[in-house]
There are 2 protein chains.
Amino acid sequence: MDTTSAKSIARSSSGISSSHHRAAEVWVPGWDAVFGPPRLSEAERQALALLLRSRRVMVGEAVFRRGQSATHLVAVVDGAVGLGVAGEGPAFHLERNIHGPAWLDISSAWLGGGHGQDARVLLAATVLELPVDGLRQLLGRFPDLRERMMQAMARAVQNLTGTTHDLMAKDAQKRLASWLLTQRSPSSGADVALKERKREVAAQLAITPETLSRLLRQLMSAGLIEVKGYTIRLLNLGALQTMAHD
Amino acid sequence: MDTTSAKSIARSSSGISSSHHRAAEVWVPGWDAVFGPPRLSEAERQALALLLRSRRVMVGEAVFRRGQSATHLVAVVDGAVGLGVAGEGPAFHLERNIHGPAWLDISSAWLGGGHGQDARVLLAATVLELPVDGLRQLLGRFPDLRERMMQAMARAVQNLTGTTHDLMAKDAQKRLASWLLTQRSPSSGADVALKERKREVAAQLAITPETLSRLLRQLMSAGLIEVKGYTIRLLNLGALQTMAHD
DNA sequence: CGAACCCTTGATACGCTTCAACAAGAGTGG
DNA sequence: CCACTCTTGTTGAAGCGTATCAAGGGTTCG
C-alpha cells in the first residue's frame, strides 16, 4: 500500500520567513490573520503590540497546562498546537487541533480560572499571549477592537456548537465526509493535502486511526475519493456533500 | 414499575409571579440571573430595559428557526427551551436543553449570520431579546456590562468545550454520572428532581431513552442511586465522582 | 543493519441503537 | 363510572458501528 511521503508533513515547519518589517519586530506578521479581515487600524496594532508577547514553542512542549491559571488570551500564529488532556508521561489524548493563525484559548482568561485543557505543540509554533488585564483597557478605547473580540468569541461558540452537533447526530462516515469538505482549500481545487498525521485527523473526528483507515478505504472503493499518501483527491463533491449533510 | 408523578413536570410553568415593581414593567425579574451575580447597576439596568423586548412563548412554538437572520441576543428567563434541529413536521432532534435563567443564543447575532439551530419551547417560557445594534452602544458606555458580556460568552465557550470533551472521551455511563452530579442543587442535598422528561435527559446525553433507562437500572443495582419516578437520590457521591472522572 | 514510527488489515469484542411489545398513568367522551 | 386512546417509561432480542488487540509492511534515522 502507498504510504509514501509520510514525513513530508514535518517540512512545513522548517523556515520562518523573516519579517520584512525589519526595524520594529514588535508586530508579529500573521497576528492580523488571527483577527481576520479587515485589517486592524494602525493605532490598534500599536496598542496591541505593547501588550502582547510572542513566544516560539518547540514540538512536544506545552503551551499551557490544564488547570494552570489563565491570565492571557492565547493564539497560534504559525505552526500547530493540539488541545486535549495529557495522561501519564508522553500520553496525550488529543481532542482538537489548532493550526495557525487562530485563537488557541480565547475564553479561559476572561473567567479568571484556569485553562480547561492541555495545549501541546505538534508543529513548532509561534504563540502570542495577550494579557486580559491590558486588553480590557484597550477595549474601552477601541470600539472596533471590541467588536472583533466579540466576533472572535462568537465564532468560537459557533464552531464548538457545530462540533457537538456533529458528534451527537452524525456517525463517523458523515463526520469524515464533512471534514474532508471543510479541508478543501479554495485554491487547490479538489485536492486535500493533509497537514497533520492521520492519527491526529482521527482524533479530531473522535475515531481511532484504524477506523479512519477503513473509512477512507470505503470511500475509495465507492469512487468518492482517491487517496495517495497524504493527499486526498475528492472525486465526487456532490456525493460527499449528500453524505455529510446530516 | 414506578412511573408515578410523570406529569408533575409540567406544573412548574403555571404561574408567573407578578412583578413587585408595579409601576414600570420594563425590567423583567430574572434578567439579573441571566448575567449572574453581582447585580447590574441601576444605570445599566435602565439602559438595557430600553433596548430589550420580553416575549412569552408557549409550548411547542419556535423561539427562532435555523437559518433565520439573528439580529438579537436571546435569553430564557423562565421556562425551558430546546435547542436542536427540526425535522419533518413535529419531529425535532433535541441537542441541548436550556432552562431559564440562561442565555439561549449569545453568539449568532454578533456575526450577522443566521441562527445555527432551531429553538423550540418545551416549557412555556419568557424570552428576552436584546438587539445587538443597541447593545454595541451600551458596551461603549458601560465597562462593567462589557465585562459581563465577555464573561458570559467565555462561559458559553467553556461549557461547550466541556460537552465536546465528554462526547469524545466518555462513554454513556460516565456522562450520566457526571450529569447527575451537575444536576444536584446545593440546597436539596443528594436528591435530584428531574425538570424535564427522561427522553430529554437522554437527548442531552446523546443516548436513547432505552439506554438511559438501562443505565439508571444499572446504577440502581450497583447501589449508587435510588430512582423514584422523577426523583433520583444519589446514595454514593464518591463512587459517582470516580465514575464520572474520565 | 536494527530500532522506532506510522499506517494498514484482519479477527474479535463490546457499547449502544433499533425494533417490538408491554405496563402505567392522564385525558377524553360516552 | 368505564372504555378508549395517547403518552411515557421499561424491558427484551437482535444487529450495527466502532474499539480493541494483534500482526505485518513501509519509511526514516542512527
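The chains referred to below are lettered A, B, ... by the order of the sequence lines, with proteins before strands, and numbering in each begins at 1. All heavy atoms count here, side chains included; hydrogens, waters and symmetry mates do not. Not measured: the values here are computed from a predicted model.
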Atom-to-atom span, [atom1] of [X] to [atom2] of [N] - whole angstrom:
X        : N      : atom1 : atom2 : result
A:Leu94  : C:dC6  : CG    : P     : 13 Å
B:Leu205 : C:dC16 : CG    : P     : 11 Å
B:Arg197 : C:dG25 : CZ    : C1'   : 15 Å
A:Arg199 : C:dT8  : CZ    : P     : 11 Å
A:Gln218 : D:dC16 : CD    : P     : 14 Å

task = Among the candidates D:dT8, C:dT8, D:dT11, find the nucleotide nearest to the side-chain atoms of A:Ser213.
result = C:dT8

task = Kindly say if B:Tyr230 contacts the phosphate of D:dT8, meaning a side-chain N or O under 4.0 Å from OP1 or OP2.
result = no

A:Arg217 side-chain N/O to C:dT9 phosphate OP1/OP2 under 4.0 Å =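 Yes.
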
request  = Flag the pair A:Asp191 and A:Arg233 as a salt bridge only when some basic side-chain nitrogen lies within less than 4.0 angstrom of an acidic carboxylate oxygen.
outcome  =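 A:Arg233 and A:Asp191: salt-bridged.
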
Just the atom pairs and distances: protein N or O near nucleotides 18-21 of chain D's N or O, under 3.5 Å.
from, atom 1, to, atom 2, distance (Å)
D:dT18, OP1, A:Ala172, N, 2.7
D:dA19, OP2, A:Thr208, N, 3.2
D:dA19, OP2, A:Thr208, OG1, 3.2
D:dA19, OP2, A:Thr211, OG1, 2.6
D:dT20, O4, A:Arg214, NH2, 3.0
D:dC21, N4, A:Glu210, OE2, 3.2

key: B:His115: partners by side-chain hydrogen bond (donor to acceptor under 3.5 Å, both in side chains), with sequence neighbours left out   =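 With neighbours one apart ignored, the set is B:Asp105.
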
With sequence neighbours excluded, residues passing side-chain hydrogen bond (donor to acceptor under 3.5 Å, both in side chains) with A:Asn97 = A:Glu196

Would you list the atom pairs, donor with acceptor, under 3.5 Å between side chains in residues 152-161 of chain B and any protein atom, with sequence neighbours excluded?
from, atom 1, to, atom 2, distance (Å)
B:Gln158, NE2, A:Ser107, OG, 2.9
B:Gln158, NE2, A:Ser108, OG, 2.9
B:Thr161, OG1, B:Val157, O, 2.7

key: Counterpart residues, salt bridge (charged side-chain N to carboxylate O under 4.0 Å, His left out), relative to A:Arg53 (two or more places apart)   =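 Salt bridge (charged side-chain N to carboxylate O under 4.0 Å, His left out) list for A:Arg53, sorted by chain: A:Glu129.
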
inquiry  = Applying salt bridge (charged side-chain N to carboxylate O under 4.0 Å, His left out), can you list everything that pairs with B:Glu226, at least two apart in sequence or on another chain?
reply    = B:Lys228

